[in-house]
Amino acid sequence: MAVALAACLCLLVLGATTSQAGHPAHQHPKLINPIRMMPEASSGESVPVYNCLSWRLTVETNNKRNWSNVPARCGFYVADYMTGRQYRYDCEAVVDIAIKYVKSLSIPTDGRSIWIFDIDDTALSNLPFFSRPDVFFGVKTLNAELEAEFYEFVLTAEVPVLAATLRLYQAIVEAGIKAVFLTGSSERSADARAKNLKAVGYDTWEELILKPDSVNTTVQVFKSQVRNRLVVQGYRIEGNIGDQWADIVGSNVGRRTFKLPNPMYYGYY
């Protein structure tokens, strides 16, 4: 009986692995198809899926902290997740809850209600960069050269939209809430960021705030300071969304916070 049970469990695991790695390409968003077809992101059969899924859970729940790279053994798993249907479904699930919350609000007409949006892997998707073999979805270390190449990627102003977040943006604008884009990336990219956001559908905002190079604090401290300033100016932070815990912890985080999935990198506090 023990042998039969073990055989059944083995079949279940194999079935889960096959379904995770065997999605037909036409079922994925058009944007992600070229990434999905990369050899580095197309298999996953050698990955211990259960262990890597559990690792991702600890990351997303902020139980595992201060890590710098995706474990090498989980590279194909993270690639499969980020380029497959589940990442899209997870983002949509978060946004569905956020929109339901937005619709429950009674927004005053004084124009002081705002919603904080992070940019990297929240308003915009860095998947085209992180899918590169020399980055491989967070498995490889971002050295100084790669950091410079990422900055050039940002400056193209062609970073694609994360579609779920755009849907939330449209809902908050319709509800009479103003968008504030707040990012820890360099203020040197301000013009490119503004051009990029407008190009993908974020038509208007109250403020676009980037981190000055002269500011040496962590992202969490910087964003807290900005939110504190906004509250002092009389704004009400109705909501706040980001892909890193550093985006949604600290002071004056807002009435509700929402975290999008991102197992590719860790935003240090």
Side-chain angles (χ1 to χ4, degrees), residues 1-25 27-29 32-95 97 120-122 125-143 146 150 162 164 242-249 257-269:
M1 182 174 180
V3 172
L5 179 59
C8 290
L9 288 173
C10 183
L11 287 173
L12 285 172
V13 171
L14 289 174
T17 304
T18 302
S19 63
Q20 188 77 358
H23 300 144
Q27 293 182 3
H28 304 132
I32 294 177
N33 278 343
I35 300 173
R36 179 72 173 181
M37 293 299 100
M38 292 173 55
E40 293 88 351
S42 63
S43 178
E45 292 183 0
S46 62
V47 178
V49 173
Y50 173 79
N51 290 337
C52 291
L53 190 154
S54 297
W55 172 82
R56 180 169 67 86
L57 175 65
T58 66
V59 166
E60 299 292 6
T61 54
N62 202 32
N63 289 316
K64 184 173 182 59
R65 305 180 184 182
N66 301 313
W67 55 276
S68 57
N69 295 87
V70 172
R73 68 181 183 276
C74 294
F76 287 110
Y77 168 76
V78 173
D80 192 65
Y81 171 72
M82 293 300 300
T83 63
R85 292 181 296 177
Q86 194 59 51
Y87 171 64
R88 187 174 82 251
Y89 290 165
D90 290 349
C91 290
E92 294 290 349
V94 173
V95 165
I97 296 169
D120 288 300
D121 293 302
T122 298
S125 172
N126 293 325
L127 265 179
F129 179 82
F130 275 87
S131 68
R132 290 171 34 164
D134 54 352
V135 180
F136 195 40
F137 301 92
V139 171
K140 308 294 179 64
T141 300
L142 289 185
N143 55 30
L146 285 173
F150 176 73
L162 203 161
D243 67 301
Q244 300 291 311
W245 281 92
D247 301 327
I248 57 175
V249 298
T257 60
F258 299 88
K259 185 188 179 300
L260 292 168
N262 184 358
M264 296 187 299
Y265 57 84
Y266 176 74
Y268 294 100
Y269 288 17

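Small disclaimer: the values here were computed from a predicted structure and weren't measured. Both backbone and side-chain heavy atoms feed into the values below; hydrogens, waters and symmetry mates do not.
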Those residues that, when tested against Asp120, pass salt bridge (Lys or Arg N to Asp or Glu O under 4.0 Å) (two or more places apart): Arg193
Nearest-0.5 Å distance, OG1 of residue Thr83 to CG of residue Leu127: 8.0 Å
For Asp247, side-chain hydrogen bond (donor to acceptor under 3.5 Å, both in side chains) partners two or more places apart: Lys223
Asp243: salt bridge (Lys or Arg N to Asp or Glu O under 4.0 Å) partners, not counting sequence neighbours: none
Closest non-hydrogen atom pair between Trp245 and Val59, with its separation: NE1-O, 4.0 Å
Smallest separation among heavy atoms of Ala246 and Gly267, with atom names: CB-O, 3.7 Å
Any side-chain heavy-atom pair of Val70 and Tyr77 under 4.5 Å: no
Side chain to side chain contact (heavy atoms under 4.5 Å, CB included) partners of Thr61, counting only residues at least two apart: Leu57, Asn63
Partners passing salt bridge (Lys or Arg N to Asp or Glu O under 4.0 Å) against Lys259 (at least two apart in sequence or in another chain): Glu60
Side-chain touch Asn262/Gln244, heavy atoms, less than 4.5 angstrom: yes
Nearest heavy atoms of Pro261 and Asp90, plus distance in Å: CG-CB, 3.9 Å
Value rounded to 0.5 Å, distance of OG in Ser131 from CZ in Phe136: 10.0 Å
Partners passing side chain to side chain contact (heavy atoms under 4.5 Å, CB included) against Val135 (at least two apart in sequence or in another chain): Phe129, Phe130, Arg132, Leu142, Leu146
Met82 and Pro263, any side-chain heavy atoms less than 4.5 Å apart: yes
Thr122 and Leu162, any side-chain heavy atoms less than 4.5 Å apart: no
Between CE on residue Met264 and OH on residue Tyr87, distance to nearest 0.5 Å: 6.0 Å
NZ on Lys64 to OG on Ser54, rounded to 0.5 Å: 12.5 Å
Asn62 and Tyr266, any side-chain heavy atoms less than 4.5 Å apart: yes
